[in-house]
Amino acid sequence: MDFVCAHAGRPATAITRRDVARALLAVPSGVALVALPDLRRAMMSAGNPLSLPFWESAKATLGSIEAGVATVGDVQRWVESTGTEPILMTPSYFVWPEEDERGPVASEMFGRLVAYLEELVASGEVEPDALAAGDAEARRAYEELQERWLGTPLGDGRVPGFAVSDEQDEELFAAWDEEEAFALSELRRITAGLSKQPELPADDLDAAAARLRDLIALPGYPGNVLRACAGFDDRPLPDDDHELWLAVAAGIAGPISDLSEGGDVLEEFADLDGDLSEEDTALANLCAIQHADWLAGVAALARMGPGVLASPERMARLIAESEDIDVDDQDIDDLDATEGLFTSVVSLWVYLGIVNEDEVLTPLGWWGLPKALERAWAPSTD
């Protein structure tokens with residue numbers, strides 16, 4: 001009883017089913033099973049006996065855990081059946097972060113919901129025994145009232161579900177920015193240490209930019225992908241060839257926008273079993289490549305210089321063998337996945353003259369790839 005009260009931060013008279021369940025799960029299942037009868041008697045002595053269905057469900061769940069047959073979902077649903085545990089994932093697919101990953105807002109909102117559910121249990125609106133018995137109607141009502149609470153503004157105007165999601169987005173963006181800043185610093189360190197610095201092949205750049213202008217003006221792939229990568233669907237092309245080429249090359253490493261929806265039709269969205277279009281596949285692949293993979297691949301090409309093979313298979317090998325990033329032992333599936341992602345990259349590189357038709361790095365690519373990557377990762381000045 002002392003452990004349960006300390007774990008819950010409440011006196012025995014205020015302990016809830018959820019408090020007991022969480023405390024029982026905080027110790028080995030065998031220990032919890034042995035302690036269960038004494039704990040039940042202590043709760044009765046404290047004037048807070050809970051209910052027979054709860055104790056029976058606790059014994060059954062702990063027994064299943066001890067026997068090794070309980071799933072994580074089984075245990076989660078049992079804790080939720082206490083009537084005051086928020087549902088981990090609601091029917092509308094709102095998902096609470098794991099307890100050790102909750103930020104201040106998520107922790108606050110989770111605590112508010114627990115308190116709200118405790119009020120409903122006290123008033124009889126939520127029946128934990130029905131939940132413990134697996135009553136489908138009670139479960140559905142329990143889910144619906146949590147959905148309503150998550151979508152109802154609090155007194156300060158915040159909507160709990162949106163507030164939690166916004167905090168998670170901010171954390172994700174912050175982690176992304178941190179990763180990008182580290183990759184940029186490593187790229188600059190590596191390029192500064194090259195034994196020979198590449199020089200701009202002006203004629204090659206002029207020729208590539210001229211081809212690029214013609215290509216971007218055409219409908220369909222690859223023009224639509226290159227426009228989306230550089231963000232040129234909603235703004236005019238720059239007059240300067242140097243600016244144009246770098247913007248598109250950087251966009252391949254960090255796409256700015258998605259494809260225009262002008263050509264999409266309802267049937268394409270309804271056909272869930274249909275294959276992705278070439279342009280959709282290309283953009284999906286570009287967005288799936290991690291900073292570390294870009295850094296490892298481009299750093300290797302920068303060190304080796306023009307004339308080196310830069311095929312998708314070769315890029316996957318260079319990344320797997322890189323000493324610039326921490327790479328765990330990769331199996332053939334990992335290499336195949338990386339090769340698949342860089343298939344889209346290399347095919348677009350051909351259009352920019354970064355590699356030639358034989359997928360060999362050109363002087364333009366040697367000069368431009370590190371600069372394009374730096375541009376893609378540099379903080380925006382807007």
Side-chain angles (χ1 to χ4, degrees), residues 183-184 187 190-191 194 196-216 218 221-232 237-238 240-256 278-279 282-283 285-291 293-319 322 324 338-378:
L184 178 59
L187 174 69
I190 292 168
T191 54
L194 294 177
K196 181 180 179 181
Q197 293 295 323
E199 296 181 359
L200 168 62
D203 292 342
D204 293 347
L205 178 62
D206 291 342
R211 292 194 304 269
L212 192 55
R213 289 185 188 279
D214 292 338
L215 191 62
I216 288 179
L218 297 175
Y221 180 87
N224 55 358
V225 172
L226 297 175
R227 286 194 302 273
C229 285
F232 288 150
L237 302 184
D240 182 72
D241 287 346
H242 184 281
E243 173 69 17
L244 170 68
W245 190 92
L246 274 181
V248 177
I252 292 174
I256 291 178
E278 189 174 14
E279 45 263 66
L283 268 179
N285 287 342
L286 299 183
C287 293
I289 300 175
Q290 301 296 310
H291 293 95
D293 290 345
W294 279 114
L295 175 65
V298 171
L301 295 180
R303 289 190 179 106
M304 291 185 287
V308 65
L309 181 65
S311 66
E313 180 181 7
R314 179 61 171 153
M315 293 299 297
R317 286 289 177 186
L318 291 174
I319 292 167
S322 174
D324 296 309
T338 304
E339 179 182 345
L341 297 179
F342 273 87
T343 296
S344 297
V345 173
V346 175
S347 67
L348 294 174
W349 280 354
V350 173
Y351 295 112
L352 273 71
I354 292 173
V355 298
N356 62 23
E357 293 182 355
D358 295 322
E359 299 178 339
V360 171
L361 184 68
T362 65
L364 178 60
W366 184 43
W367 167 84
L369 272 181
K371 296 186 181 302
L373 211 56
E374 182 173 0
R375 180 184 177 117
W377 293 345

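Remember, it's a predicted structure, so these values are computed and weren't measured experimentally.
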In terms of side-chain geometry, is the basic nitrogen of Glu243 or Arg375 positioned less than 4.0 Å from the acidic oxygen of its partner?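 Result for this pair is yes, salt bridge flagged.
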I'd like to know if Arg303 pairs up with Asp324 as an ion pair, taking the criterion as any Lys NZ or Arg NE/NH1/NH2 lying under 4.0 Å from an Asp or Glu carboxylate oxygen.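 Judged by the 4.0 Å cut-off on N to carboxylate O distance, Arg303 and Asp324 do form a salt bridge.
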Applying side chain to side chain contact (heavy atoms under 4.5 Å, CB included) to Leu361 and Leu369, what does each step give before you reach the verdict? CA-CA 10 Å; Leu361 184 68; Leu369 272 181; 4.1 Å; yes
With heavy-atom distances below 4.5 Å as the criterion, would you say the side chains of [X] and [Y] are in contact?
| X | Y | value |
| --- | --- | --- |
| Val355 | Val346 | yes |
| Met315 | Leu341 | no |
| His291 | Trp377 | yes |
| Cys229 | Val248 | no |
| Leu364 | Leu205 | yes |
| Ile252 | Trp294 | yes |
| Leu226 | Leu212 | yes |
| Glu279 | Pro222 | no |

Short question: side chain of [X], backbone of [Y] - any donor-acceptor pair under 3.5 Å?
| X | Y | value |
| --- | --- | --- |
| Glu374 | Ala250 | no |
| Asp358 | Val360 | no |
| Thr191 | Leu187 | yes |
| Ser344 | Gly340 | no |
| Thr362 | Asn356 | no |

Please work out which of the three classes, parallel, tilted or perpendicular, describes the rings of Trp245 and Trp367, given edges at 30° and 60°.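 Aromatic pair Trp367/Trp245 classed tilted.
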So for atom CD, which belongs to Glu313, do other residues, nucleotides or ligands contribute more than 12 heavy atoms lying within a distance under 6.0 Å?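 Not more than 12 within 6.0 Å, no.
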Within a reach of under 6.0 Å around CD of Glu199, are more than 12 heavy atoms found that belong to other residues, nucleotides or ligands?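 No, the 6.0 Å shell around CD holds no more than 12 heavy atoms from other groups.
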Per the side-chain contact (heavy atoms from CB on, under 4.5 Å) rule, which among Leu318, Asn285, Ile289, Leu286 passes with Phe342?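 So the option named by the test is Ile289.
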Write down the atom of Trp366, the atom of Leu301, and the distance for their closest heavy-atom approach.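 Closest heavy-atom pair between Trp366 and Leu301: CD1-O, 3.9 Å.
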